[in-house]
Structures are given as C-alpha cells and as structure tokens.
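Predicted model, so just to flag it, every value in this text is computed and none were measured. FYI, side chains are in, hydrogens and waters are out, and symmetry mates aren't considered; it's all heavy atoms of this structure. Position 1 is the first residue of the sequence, and the numbers go up from there.
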Amino acid sequence: NLQQLAKDSGMTVYLSIAGQTEAICLARFLSEQAIDVRWWSEGGGMPLHCGAGPKILLAHLPSDRRQQLFAGEMKALTPKSICTPQQLEREIIKIIKQGYALSMDDVALGLSALGMPLYNEQGELLAAVSIAGLSPYFEGERQAELRRILRHSLGEMTRQGSKINPPVSSGKINFQS
C-alpha cells in the first residue's frame, strides 16, 4: 500500500490522476523521515508538464489531448521546468521507454520526484504514483534503489487488487464488482 511505500522509501508518496488540464492529487502519504515534501496537497492540481507523477499521466494521454495541452500556455514553476512541446515530446518518449519519470528540481528547487504508472490487472492506466524528497536522494545508486522500491510496490498493488476499471477521475472511481 502507499503508506508502506512511504515507509520503505523514506519519501512522501503521491497518488494522482489526470484532470482536464492538470494532474490532481488524490492522496498523499508522508514518510516517517524528518523532511516531508508537502508542496502538493490532496485535491490540489499540478501542471501536467511538471513533476514525475504528472509527467507519467501526460505520457499516457492520447496524442491529440497532449497536443491540445501543448497549444496552451505552459508556465515554468522553476528554471528547470520543461515547457516546450518539442522537449516534452522527447521527455514522453523517454518516460514510455524507461517506464518511469524522474523530475529533478522542476516543481521546486531542491526537491525531486520519481513516478511510475499504476495499472490494473488488464494493463489499463489507473493513476500515477510518485515519491518525492530532497534532490540529492535521487542521484546515483540511491535513485536505482528508489526505482526498485517503487516498481516492487506497484507490482504488489496490481497483484493485490487493482480491481478498478478506468476511467478513474476525481468525480468517478469505477470499481469492478
């Protein structure tokens, strides 16, 4: 579960879904560590082009929906935010190939996040799960360890009962009976 992921990773955990123009945080689980990342509250929105969870959701949107978003204004949250359609398309290709998104300092300087998709048993995207903390924790061997922890946790969630069917939205969660 997500609380266990927060404990295992020592990071703040976010569960998010795609809204019309931004990612919506459905849940946030704080770690037991001294520093918790609280910049995205439950029910709050985040631009789909900033942050690891939102980028996972962006990468899984249909191309025409992405193009609509790219046609609008994409504001930088920090100097590290990616805001051009060309750069974002390259980032999306990388995310799909790797199976994860790594966002370094693009929401708040000094904070970074790692995100992966949560699928149901049929392989349909339900949400994005991301872990966030201080940027130095997302470098080198520690980043590889965090990827392993997150991937393992998502695999367990899928096996233990992702009996939820898309669409998952802030107004509708479609449980399978």
Counting only N and O atoms by type, is there a donor-acceptor contact under 3.5 Å from the side chain of [X] to the main-chain atoms of [Y]?
X      : Y      : answer
Thr158 : Tyr119 : yes
Arg66  : Leu61  : yes
Ser9   : Leu5   : yes
Gln143 : Phe138 : yes
Thr78  : Asp105 : yes
Ser135 : Gly110 : yes

Would you indicate whether the side-chain heavy atoms of [Y] and [X] approach each other to under 4.5 Å?
X      : Y      : result
Asp106 : Lys55  : yes
Leu58  : Phe70  : yes
Pro47  : Leu77  : yes
His49  : Glu91  : no
Glu156 : Gln4   : no
Lys94  : Arg90  : no
Ser16  : Leu26  : no
His60  : Pro117 : yes

What is the distance from atom [atom1] of [X] to atom [atom2] of [Y], rounded to the nearest 0.5 Å?
X      : Y      : atom1 : atom2 : result
Ile96  : Ile56  : CD1   : CD1   : 7.0 Å
Leu150 : Ile131 : CG    : CD1   : 5.0 Å
Met104 : Leu109 : CE    : CG    : 11.5 Å
Met74  : Thr21  : CE    : OG1   : 12.5 Å
Arg151 : Leu114 : CZ    : CG    : 8.5 Å
Lys75  : Ser81  : NZ    : OG    : 12.5 Å

Residues, nucleotides or ligands: over 12 heavy atoms within 6.0 Å of Tyr100 OH: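 Enclosed: over 12 neighbouring heavy atoms sit under 6.0 Å from OH of Tyr100.
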
With a 3.5 Å cut-off and no angle check, do the side chains of Gln68 and Gln20 form a donor-acceptor pair?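 Short answer, no.
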
Would Asn120 and Gln122 count as having a side-chain donor-acceptor pair, cut-off 3.5 Å?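 Result is yes, a qualifying pair exists.
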
State, to 0.1 Å, how close [X] and [Y] come at their nearest heavy-atom pair, and which atoms those are.
X      : Y      : value
Ala52  : Gly115 : CB-N, 3.3 Å
Ser103 : Gly51  : OG-C, 3.1 Å
Leu15  : Ala127 : CD1-CB, 3.6 Å
Met46  : Pro54  : CG-CG, 3.6 Å
Ile17  : Leu57  : C-CD1, 3.3 Å

Ion pair check, Arg148 and Glu145, cut-off under 4.0 Å: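 Salt bridge: yes.
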
Using the rule that two of Ile, Leu, Val, Met, Phe, Trp, Tyr join whenever any of their side-chain heavy atoms come within less than 4.5 Å, decide whether Ile95 and Leu146 are in one cluster.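 No; tracing contacts between hydrophobic side chains, which count when under 4.5 Å, never links both residues.
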
Under a 4.5 Å side-chain heavy-atom rule over Ile, Leu, Val, Met, Phe, Trp and Tyr, are Met11 and Leu134 clustered together?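 Yes.
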
Working for side chain to side chain contact (heavy atoms under 4.5 Å, CB included), residues Arg28 and Thr12: CA-CA 7 Å; Arg28 178 182 68 191; Thr12 301; 3.7 Å; yes

Take Val129 and Met116, measure what side chain to side chain contact (heavy atoms under 4.5 Å, CB included) needs, and give me the verdict at the end. CA-CA 6 Å; Val129 176; Met116 291 183 183; 5.9 Å; no

